*Asks:* 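Below you'll find the structure I mean.
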Amino acid sequence: MALNLGLRSLCRIRMSNQTNFSSKTDPNPNPNPNPGSKSFNGVSPPELRVFSRRKKKFKETLLETTDLSVLPDIEEFAYKKTKGSVSQRKSEGASDVIVMEAEVSRVQPRGVAPNNWQQVLEGIRNMRSSEDAPVDTMGCEKAGRAIQRLLQNGLLAADTIDKADEATIKSLIYPVGFYSRKASNLKKVAKICLTKYDGDIPSSLEELLLLPGIGPKMAHLVMNVGWNNVQGICVDTHVHRICNRLGWVSRLGTKQKTSSPEETREALQKWLPKEEWVPINPLLVGFGQTICTPLRPCCGVCTISEFCPSAFKEAPSPSKFSKLKKSASRRKP
DNA sequence: CTCCTGTTCC
DNA sequence: GGAACTGGAG
């Protein structure tokens, strides 16, 4: 399923490259000598060898990360960028398509990255190496209790969920937060998947967002770990909070904190290299559950506090300050 | 902005 | 006793 999407994207990229790009760079492009036979997605054998060599990088950077809607821009950018290296790459036996793939993999929108971000990330990775955060045992790739119970009852497929009683689902997923709403959304989503997607889940961000109960956070999570097709960063409350504490994101053109996870996602994507877009979520979620907690972060044990503009700036215990705040908020006109 | 829900932490 | 907690809908 994820493979289908990847291959279709690949075909579309190839087709558009072959018509637009090769005519710009090579007045005499070698036509595919034997289209339809011994080819992989229209790539003939010599090209396929190059493709295999670059496969790993290609897979990681282009196939799984390219948003097809930005293709015209990428082609334009890649064309300019490849001018100097095209002949060299081609002498290695690479076709225009392969050159394009290599260059596109370097295309990444880059804003100004914050100072020391790599050290900060490395420090968080070290703090997270014990994998003792809830996300490590209950995260989306593991089966939490509620998922296990659904699984035991055969309720992880669209057709069985569609047939099942909403009250049954409700009791099985209890006591997850908002179990009632989630049970009803699950039924609705199963119906949609069954009628519109042949029992599977949709494979594009836009279609996922149309499902009830699926917002940006879940849609990106599904694209990232379900389809291996990275369209954006999955920003939840932890990623949102920590990025702001670190000063990694700000409102467009200001130094103010971002006010929503969506704003954080856009700001973070401007500079964070794409290879970090998927791992940043479990990394910061676990960090946020154990050390950089929403209330009273443990800056004393945090190894990157020297880089954190917010370190030790939040009240360590809710004493006089919060009591004053409470009494102030109780006074209503 | 509030609501949804039960738990957890103060 | 009650605030904060998830993420999405309205």
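Proteins come first, then strands; the chains are lettered A, B, ... in the order of their sequence lines, and each starts at number 1. Because only heavy atoms are used, hydrogens play no part in the values below, and waters and symmetry mates are left out as well, while side chains stay in. Keep in mind that what you see is a predicted model, and the values were worked out from it rather than measured.
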*Asks:* Could you state the atom-to-atom distance from NZ of A:Lys217 to P of C:dG7 in whole Å?
*Replies:* 5 Å
*Asks:* A:Arg181 has an atom CZ; how far is it from atom P of B:dG6, in whole Å?
*Replies:* 13 Å
*Asks:* Can you see if the side chain of A:Tyr174 gets near the phosphate of B:dT5 - specifically, an N or O under 4.0 Å from OP1 or OP2?
*Replies:*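 Negative; the distance criterion is not met.
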*Asks:* Rounded to whole angstroms, how far apart are CG on A:Asn185 and P on B:dC4?
*Replies:* 15 Å
*Asks:* Which comes earlier along DNA chain C counting from the 5' end, the contact point of A:Thr237 or that of A:Leu211, where each point is its nearest nucleotide?
*Replies:* A:Thr237
*Asks:* What's the gap between C:dG1 and B:dT5 when it is taken at their P atoms, as a whole Å value?
*Replies:* 23 Å
*Asks:* May I ask you to say what A:Pro294 touches in the nucleic acid, namely base, sugar-phosphate or nothing, with a heavy-atom cut-off under 4.0 Å?
*Replies:*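 Sugar-phosphate only.
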*Asks:* If you count every heavy atom of other residues, nucleotides or ligands that lies below 6.0 Å from A:Arg145 atom CZ, does the total exceed 12?
*Replies:* no
*Asks:* Between atom CG in A:Asp236 and atom P in C:dG8, what is the gap in whole Å?
*Replies:* 9 Å
*Asks:* Report the nucleotide, chosen from C:dG8, C:dG7, B:dG6, that has the shortest atom-to-atom distance to any side-chain atom of A:Pro216.
*Replies:*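 Among C:dG8, C:dG7, B:dG6, the one nearest the side chain of A:Pro216 is C:dG8.
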*Asks:* Nearest whole Å is fine: how far is B:dC9 C1' from A:Gln289 CD?
*Replies:*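 About 16 Å, once rounded to whole Å.
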*Asks:* Roughly how many Å is it from CD in A:Glu262 to P in C:dA9, rounded to a whole number?
*Replies:*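 My rounded result for the distance is 12 Å.
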*Asks:* If you compare all heavy atoms of A:Arg245 against all heavy atoms of A:Pro294, which two are closest, and at what distance to 0.1 Å?
*Replies:*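 Minimum heavy-atom separation between A:Arg245 and A:Pro294: NH2-O, 2.9 Å.
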*Asks:* Taking the side chain from A:Asn153 and the backbone from A:Arg149, do they hold a donor-acceptor pair closer than 3.5 Å?
*Replies:*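 Answer holds: yes.
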*Asks:* Expressed in angstrom and rounded to an integer, what is the separation of A:Lys182 atom NZ from B:dT5 atom C1'?
*Replies:* 10 Å
*Asks:* Phosphate oxygens OP1/OP2 of B:dC9: is one of them under 4.0 Å from a side-chain N or O of A:Arg296?
*Replies:*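 A:Arg296 to B:dC9 OP1/OP2: no side-chain N or O under 4.0 Å.
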*Asks:* Under 3.5 Å, is there a donor-acceptor pair between the side chain of A:Lys182 and the main chain of A:Gly213?
*Replies:* no
*Asks:* How close or far is atom C1' of B:dC4 from atom CD1 of A:Ile173, stated in whole angstroms?
*Replies:* 13 Å
*Asks:* Any carboxylate oxygen within less than 4.0 angstrom of a Lys/Arg side-chain nitrogen, looking at A:Glu276 and A:Arg125?
*Replies:* yes
